[in-house]
Enquirer: 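To start, I am sharing the structure in question, which I have written as structure tokens.
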Amino acid sequence: MEPFVYRNPTEILFGPGTIREMASRIPPDAAVLWVYGGGSIRRNGVYEQTRDALGGRRFVEFGGIEPNPEYETCLRAVHVVRRERLDFVLATGGGSVLDAAKFIAAAARYEGPDPWEILRTHGEVVRSALPVGTVLTLPATGSEANGNSVISRRATREKLHFTSDHVFPTFSVLDPDTTLTLPARLVRNGIVDAFVHVTEQYVTRPAGAPLQDRMAEAVLATLIEVGPRTLADPADRDARASFMWAATLALNTLIGCGVPQDWATHMIGHELTALYGLDHAETLAVVLTGVWRHKLEAKRAKLEQYGRRVWQVLSAEDALRKTEMFFDAIGMPSRLGAYGISAAEAAEAVAHRFREQGWTFGEDGDIDADAARAVLLSRA
Ligand code: NZQ
Ligand code: ZN
């Protein structure tokens with residue numbers, strides 16, 4: 001096991017009725033920027049409950065954060081923070097709203113001339129941020145309990161992430177009842193995103209970390225159990241609650257302590273979203289088994305362990321097949337053809353971006369432009 005520092009400062013308020021608890025978590029004299037998306041919070045009761053919890057505090061609403069949050073929109077919010085002298089950012093919604101809130105919180109305190117530097121340097125230039133609190137309504141990204149944020153810039157077709165300890169939420173409310181309004185497509189997306197967050201930290205190489213392995217396998221097995229139950233019976237509150245908690249534990253930095261991490265699937269996937277507008281999780285289902293096949297020998301030991309413990313199959317090849325069958329069973333395509341996208345064209349476009357940026361990813365640092373091309377060519 002590699003040495004590591006583990007610190008997760010986010011307080012989780014979990015369960016039905018917990019939105020009201022944030023009244024005691026936001027400082028009474030805070031002046032709040034309240035960010036949300038395109039209106040889902042007006043249909044699931046989150047809007048009213050949040051307004052009640054804010055009580056007499058001064059707050060400014062900033063709605064309209066897009067899925068795959070747009071840089072220009074975030075900059076408009078930063079302008080509002082400065083103009084209104086706000087000092088707390090409250091996000092209510094899915095990962096996009098939470099990620100936007102984190103970027104706004106960091107950019108509001110950033111003193112350099114160009115806030116894009118926050119993303120270009122993946123957070124290196126972030127020295128402080130406004131405090132962020134969240135109410136999560138879509139289990140998927142883990143943004144509610146980590147220091148990551150992913151922002152898109154449509155004008156340049158870029159989608160970049162930054163990471164900073166300064167943007168871990170101070171608290172996150174996870175009320176599974178707020179997810180009852182999610183359509184099946186978004187539940188399916190959330191299952192796949194959380195699933196791949198685990199595999200990025202687990203399907204690498206043996207690292208002498210049996211506890212992290214067992215925790216990763218527990219999260220995967222839970223998603224396989226409760227994900228389809230949530231889809232089959234949207235009113236199953238127990239399944240919904242476990243799905244929500246599993247998605248948080250998939251990327252709250254715990255299972256990644258001291259182990260090699262991959263993230264090539266995510267990085268290739270981000271390019272597919274930037275180029276073709278696919279949902280984040282859709283890109284992951286397309287890329288994941290392509291990366292695994294490309295690295296079959298290097299990953300064989302972990303793929304066999306995953307196959308044996310999670311799917312009760314004996315070979316790495318069967319573990320791949322089981323994974324694709326699982327995606328299929330929850331209605332998630334795993335081929336580019338399903339979206340009418342040419343694999344040859346996507347492979348060239350993504351390889352070009354990788355080469356231009358000099359990117360290499362994966363636990364061995366060998367997923368470069370050529371590897372990304374090969375992975376996508378295999379996903380026609
Ligand atoms: O905009 P509103 O009206 O709120 O509707 C949203 C949006 O249209 C809707 N929604 C959210 N909660 C709902 C709901 N609809 C009905 N009922 C509810 N309870 O869902 C739609 C999609 O929301 P979005 O926030 O975009 O989805 P998700 O949570 O999957 O977030 C995706 C973004 O997170 C990034 C992705 O790249 C993408 O930009 N990621 C962030 C990560 C992180 N911070 O750690 C890690 C991930 O790997 C990921 O990259
Ligand atoms: Zn993800």
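Side-chain atoms are counted along with the backbone in the values below, which use heavy atoms only and exclude waters and symmetry mates.
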Enquirer: Verify whether one side chain among Thr360 and Asp368 offers a donor that lies under 3.5 Å from an acceptor in the other.
Expert: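 Note: Thr360 and Asp368 side chains miss the donor-acceptor criterion.
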Enquirer: Would you say the side-chain atoms of Gln212 pair up with the backbone N or O of Gly258, donor to acceptor, closer than 3.5 Å?
Expert: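 No.
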Enquirer: Under the 3.5 angstrom rule, does the side chain of Asn8 hit a backbone N or O of Asn252 as a donor-acceptor pair?
Expert: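 Side chain of Asn8 to backbone of Asn252: a pair is present.
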Enquirer: Any salt bridge between Asp177 and Arg237, counting N to O under 4.0 Å?
Expert: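 Yes, this pair counts.
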Enquirer: Hey, what do you get for CZ (Phe62) to SG (Cys74), rounding to the nearest 0.5 Å?
Expert: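 Going from CZ on Phe62 over to SG on Cys74, the span is 7.5 Å.
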Enquirer: If I take atom OG from residue Ser334 and atom CZ from residue Phe326, how far apart are they, to the nearest 0.5 angstrom?
Expert: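 Between Ser334 OG and Phe326 CZ, I get 12.5 Å after rounding to 0.5 Å.
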Enquirer: Would you say Leu186 ends up clustered with Phe327 if hydrophobic residues are merged whenever their side chains have heavy atoms under 4.5 Å apart, either directly or through other cluster members?
Expert: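 Same cluster: Phe327 reaches Leu186 through Ile, Leu, Val, Met, Phe, Trp or Tyr contacts under 4.5 Å.
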Enquirer: Inspect the surroundings of NE2 in His352 and state if more than 12 heavy atoms from other residues, nucleotides or ligands are less than 6.0 Å away.
Expert: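 Counting other residues, nucleotides and ligands, NE2 of His352 stays at 12 neighbours or fewer.
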Enquirer: How about Phe88 and Thr170: do any of their side-chain heavy atoms sit closer than 4.5 Å?
Expert: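 Heavy-atom side-chain distance check passes, below 4.5 Å.
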Enquirer: Looking at Lys295, Arg205, Lys299, which one forms a salt bridge (charged side-chain N to carboxylate O under 4.0 Å, His left out) with Asp262?
Expert: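 That would be Lys299.
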Enquirer: Taking CZ in Arg51 as the centre, count heavy atoms belonging to other residues, nucleotides or ligands within less than 6.0 Å. Is the count above 12?
Expert: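 Buried by this count: over 12 neighbours within 6.0 Å.
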Enquirer: Are Val203 and Leu303 side-chain neighbours, meaning at least one heavy-atom pair lies under 4.5 Å?
Expert: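 When only atoms from C-beta onward are counted, Leu303 and Val203 do touch, with a gap below 4.5 Å.
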Enquirer: For the pair Trp34 and Tyr36, name the ring-plane relationship: parallel under 30°, tilted 30 to 60°, perpendicular over 60°.
Expert: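 Judged by the thresholds at 30° and 60°, the geometry between Trp34 and Tyr36 is perpendicular.
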Enquirer: Answer yes or no: is there a donor N or O on one side and an acceptor on the other, between the side chain of Asp279 and the main chain of Glu282, under 3.5 Å?
Expert: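 Side chain of Asp279 to backbone of Glu282, a donor-acceptor pair under 3.5 Å: no, none is there.
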Enquirer: About how many Å separate OG1 of Thr18 and CG of Asp175, when rounded to the nearest 0.5 Å?
Expert: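 Between atom CG of Asp175 and atom OG1 of Thr18 there are 4.5 Å.
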Enquirer: Identify the heavy atoms of Asp193 and Ala281 that sit nearest to each other, and give their distance.
Expert: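 So the minimum-distance heavy-atom pair works out to N-CB, 4.2 Å.
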Enquirer: Applying the side-chain hydrogen bond (donor to acceptor under 3.5 Å, both in side chains) test to Asn68, which of Lys159, Arg154, His270 qualifies?
Expert: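 In the set Lys159, Arg154, His270, the residue that makes a side-chain hydrogen bond (donor to acceptor under 3.5 Å, both in side chains) with Asn68 is Lys159.
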Enquirer: Any donor and acceptor pair, going by atom type alone, linking the side chain of Glu144 with main-chain N or O of Leu174 inside 3.5 Å?
Expert: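 No, because the side chain of Glu144 does not come within donor-acceptor range (under 3.5 Å) of the backbone of Leu174.
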Enquirer: Crowded around Arg83 CZ? As in, over 12 foreign heavy atoms under 6.0 Å?
Expert: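 Enclosed: over 12 neighbouring heavy atoms sit under 6.0 Å from CZ of Arg83.
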Enquirer: Which heavy atom in Arg379 sits nearest to a heavy atom in Ala343, and how many Å separate them?
Expert: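 Closest pair (atom of Arg379, atom of Ala343, distance): C-CB, 4.5 Å.
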Enquirer: For the side chain of His166 and the backbone of Arg127, is there at least one donor-acceptor N/O pair under 3.5 Å apart?
Expert: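 The answer is yes, because a donor-acceptor pair under 3.5 Å joins these two groups.
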Enquirer: Is the side chain of Gln201 donor-acceptor paired with the backbone N or O of Ala250 at a distance under 3.5 Å, no angle test?
Expert: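 Yes; judged by distance alone, with no hydrogens or angles, the pair exists.
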Enquirer: Do you know the tightest heavy-atom contact between Ile367 and Ala372?
Expert: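 Residues Ile367 and Ala372, closest heavy atoms: CG2-N, 4.4 Å.
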Enquirer: So, does Arg335 use its side chain to make a donor-acceptor pair with the main chain of Ser378 at under 3.5 Å?
Expert: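 Checked: pair present.
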Enquirer: Are Glu363 and Lys302 close enough that some pair of their side-chain heavy atoms sits under 4.5 Å apart?
Expert: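 Sidechains of Lys302 and Glu363: no contact.
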Enquirer: In sequence, state the C-alpha distance, the side-chain angles, and the governing distance for Thr283 and Glu271, and then conclude on side-chain contact (heavy atoms from CB on, under 4.5 Å).
Expert: CA-CA 9 Å; Thr283 70; Glu271 294 306 305; over 6 Å; no
Enquirer: I want to know whether His161 and His266 have ring centres closer than 6.0 Å.
Expert: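 No, they do not, as the ring centres are separated by 6.0 Å or more.
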Enquirer: Please tell me if the side chains of Ile330 and Val192 come closer than 4.5 Å, counting only heavy atoms from C-beta onward.
Expert: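 Yes, side chains in contact.
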Enquirer: Report yes if some heavy atom in the side chain of Val287 is under 4.5 Å from a heavy atom in the side chain of Leu376; otherwise report no.
Expert: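 Yes, side chains in contact.
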Enquirer: Ile19 vs Val46, test: side-chain contact (heavy atoms from CB on, under 4.5 Å). Steps then yes/no.
Expert: CA-CA 8 Å; Ile19 295 181; Val46 170; 4.2 Å; yes
Enquirer: Does Glu2, at its CD atom, have more than 12 non-hydrogen atoms belonging to other residues, nucleotides or ligands within less than 6.0 Å?
Expert: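 Counting neighbours around CD of Glu2, 12 or fewer heavy atoms of other residues, nucleotides or ligands fall under 6.0 Å, so no.
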Enquirer: Between Lys322 and Glu317, is there a salt bridge with N-O shorter than 4.0 Å?
Expert: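 Judged by the 4.0 Å cut-off on N to carboxylate O distance, Glu317 and Lys322 do not form a salt bridge.
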Enquirer: If you group Ile, Leu, Val, Met, Phe, Trp and Tyr by side-chain heavy-atom gaps below 4.5 Å, do Tyr202 and Leu288 land in one group?
Expert: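 Yes, because Tyr202 and Leu288 connect within a single hydrophobic cluster, where side-chain heavy atoms sit under 4.5 Å apart.
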Enquirer: With Arg42 as the cation and Tyr47 as the aromatic partner, state whether NZ or CZ is under 6.0 Å from the six-membered ring centre and within 45° of the axis.
Expert: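 Satisfied, under 6.0 Å and within 45°.
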Enquirer: Are Thr179 and Arg240 linked by a side-chain donor-acceptor pair shorter than 3.5 Å?
Expert: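 Short answer, yes.
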Enquirer: Does a side-chain N-to-carboxylate-O contact under 4.0 Å join Arg373 and Glu348?
Expert: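 Salt bridge flag = yes for Glu348 with Arg373.
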Enquirer: Counting only heavy atoms not in Gln312 (residues, nucleotides, ligands), do more than 12 fall under 6.0 Å from its CD?
Expert: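 More than 12 within 6.0 Å, yes.
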Enquirer: Specify the closest pair of heavy atoms between His197 and Trp263, including all atoms of both residues, with the distance to one decimal.
Expert: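 Between these two residues, the closest heavy atoms are CD2-CZ3, 3.9 Å.
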Enquirer: If we only count heavy atoms from C-beta on, is the Glu200 to Val291 side-chain gap below 4.5 Å?
Expert: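 A side-chain contact is absent here, since even the closest heavy-atom pair is not under 4.5 Å.
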Enquirer: Please round to the nearest 0.5 Å and tell me the distance separating atom CG of Leu90 and atom CZ of Arg57.
Expert: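 CZ of Arg57 is found 9.5 Å from CG of Leu90.
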Enquirer: Provide the closest heavy-atom pair for Ala101 versus Val35 in the form atom of the first, atom of the second, distance.
Expert: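 Distance-wise, the nearest heavy atoms are CB-CG2, 3.8 Å.
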Enquirer: With a 4.5 Å cut-off on side-chain heavy atoms, are Phe195 and Leu220 touching?
Expert: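 Yes; the side chains approach each other to less than 4.5 Å.
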Enquirer: Is it the case that the side chains of Glu66 and Thr73 hold a donor-acceptor pair, with the cut-off being a distance below 3.5 Å and no angle test?
Expert: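 Yes, a side-chain donor-acceptor pair sits under 3.5 Å.
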Enquirer: Using a strict threshold of under 4.0 Å (side-chain N to carboxylate O), is an ion pair present between Glu324 and Arg321?
Expert: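 Looking at Arg321 and Glu324, the cut-off is not met.
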Enquirer: So, does Thr10 use its side chain to make a donor-acceptor pair with the main chain of Pro169 at under 3.5 Å?
Expert: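 Answer holds: yes.
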Enquirer: Checking Thr134 against Ser172 for the side chain to side chain donor-acceptor pair (under 3.5 Å) test, could you report, in this order, the C-alpha distance in whole Å, the side-chain angles of both residues, the deciding distance, and whether it holds?
Expert: CA-CA 5 Å; Thr134 88; Ser172 284; 2.7 Å; yes
Enquirer: If you define the side chain from C-beta out and look only at heavy atoms, does anything of Phe243 sit under 4.5 Å from Thr222?
Expert: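 No, their side chains stay 4.5 Å or more apart.
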Enquirer: Yes or no on side-chain contact (heavy atoms from CB on, under 4.5 Å) for Trp292 and Tyr306, after CA distance, side-chain angles and deciding distance?
Expert: CA-CA 12 Å; Trp292 286 356; Tyr306 158 70; 3.8 Å; yes
Enquirer: The test is side chain to side chain donor-acceptor pair (under 3.5 Å); show your working for Ser143 and Asp99 and say whether it passes.
Expert: CA-CA 7 Å; Ser143 187; Asp99 283 6; 2.7 Å; yes
Enquirer: Could you give the distance from CE (Met22) to OG1 (Thr50), rounded to the nearest 0.5 Å?
Expert: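 Atom-to-atom, Met22:CE and Thr50:OG1 are 4.0 Å apart.
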Enquirer: At their closest point, which heavy atom of Ser96 faces which heavy atom of Pro67, and how far apart are they?
Expert: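 Heavy-atom minimum between the residues: OG-CA, 3.4 Å.
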Enquirer: Measure the spacing between CE of Met325 and CH2 of Trp311 and express it to the nearest 0.5 Å.
Expert: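 It comes to 8.5 Å.
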Enquirer: Below 4.0 angstrom, N of the basic side chain to O of the carboxylate: do Arg300 and Glu297 qualify?
Expert: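 Yes, charged N to carboxylate O under 4.0 Å.
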Enquirer: Spell out, as yes or no, whether a donor-acceptor pair under 3.5 Å connects the side chain of Ser24 to the backbone of Glu21.
Expert: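 Looks like yes, one N/O pair under 3.5 Å.
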Enquirer: Ignoring hydrogens and geometry, is there a side-chain-to-backbone donor-acceptor pair from Asn146 to Leu251 under 3.5 Å?
Expert: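 Pair found, side chain donor or acceptor close to backbone of Leu251.
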